[in-house]
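Input: a single structure, listed below in C-alpha cells.
The figures here come from the full heavy-atom set of this structure, side chains too, leaving out hydrogens, waters and symmetry mates.
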Amino acid sequence: MKQQSDFGIDYPIKRETAPKNFLKLFYPFHYSVGMAVEKHLSGPDLTRHQTVILWIIHSKGEGGHTIHRKTIERLIGEWYELGSPAISKVLRAMADKNLNLISIKESRTSAREKVIRLTKKGQATVNDMMERTEAFIRLIADELTDEEISKGMEFMSRVGAIVESGLDQKK
C-alpha cells in the first residue's frame, strides 16, 4: 500500500486524518491546478478579471448571456477583492469597441441598474474559452481511471455544495 504521495498525504486515508490531508492538498490544487485551468480559460487575450466576468455571465446569467451588473459585483466579490469602481473599469473595457465582448444597457426596471449582455464576439470568446479548457482537462482525465474521475467529481461537487450552503457561517 502506498504510504505517501508527492503532496505529503498520509496513507491509509482515514476520516480522522482527512482535514490535515485536505489542507496539504489545498494550495497545490488551488494554485497549480486552478491557475492552469484559469490560464487556459483566459487564453492569450483576456485578463483574470475579464475571464471571471465572462465565466459568471456564462454560468450564472439568464440563458448564459445576460446578467445584472449587481449580480456580477456580488459574485466576483466572493472570489476577488474587487470593488465597484474596479469592476466598472473592467466592464467598460470589455464593452469598448476594441474588445466588444459585452454590451451594457440600462435595466428596464431601474435606470440605476445596468444589464450586461454578451455580444456575438463575447459568446464566441466564451465558446473558445470552454473548448480550449475542456481540451486541457481532457488531457488530465486521460491520466485518470473512470473511477477516479467519478469519485473526484462526486467529492468536488459535494464539498462545493457543503461550502455554498453557508457552512462557514454556521461555525
Side chain [X], main chain [Y], donor-acceptor under 3.5 Å:
X: Gln123; Y: Lys120; result: no
X: Asn21; Y: Ile9; result: no
X: Thr119; Y: Asn100; result: yes
X: Glu148; Y: Thr145; result: yes

Parallel, tilted or perpendicular, as decided by the 30° and 60° cut-offs, for the rings of His58 and Trp55: tilted
Aromatic ring pairing Phe136/His40, orientation class (parallel under 30°, perpendicular over 60°, tilted between):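 The rings of Phe136 and His40 lie parallel, inter-plane angle below 30°.
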Working for side-chain hydrogen bond (donor to acceptor under 3.5 Å, both in side chains), residues Thr66 and Arg117: CA-CA 4 Å; Thr66 305; Arg117 183 175 184 86; 2.5 Å; yes
Please find the pair of heavy atoms, one from [X] and one from [Y], that lie closest to each other, and give the distance.
X: Lys24; Y: Gly8; answer: NZ-O, 2.7 Å
X: Ile102; Y: Leu91; answer: CD1-O, 3.5 Å
X: Leu41; Y: Leu46; answer: O-CD1, 4.3 Å
X: Asp10; Y: Ile13; answer: O-CD1, 3.7 Å

Donor + acceptor pair across side chains of Ser88, Arg69 (<3.5 Å): yes
All salt bridge (charged side-chain N to carboxylate O under 4.0 Å, His left out) counterparts of Glu113, not counting sequence neighbours: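 Counting only residues at least two positions away or on another chain, Glu113 forms no salt bridge (charged side-chain N to carboxylate O under 4.0 Å, His left out).
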Set of residues satisfying side chain to side chain donor-acceptor pair (under 3.5 Å) with respect to Ser157, sequence neighbours excluded: none
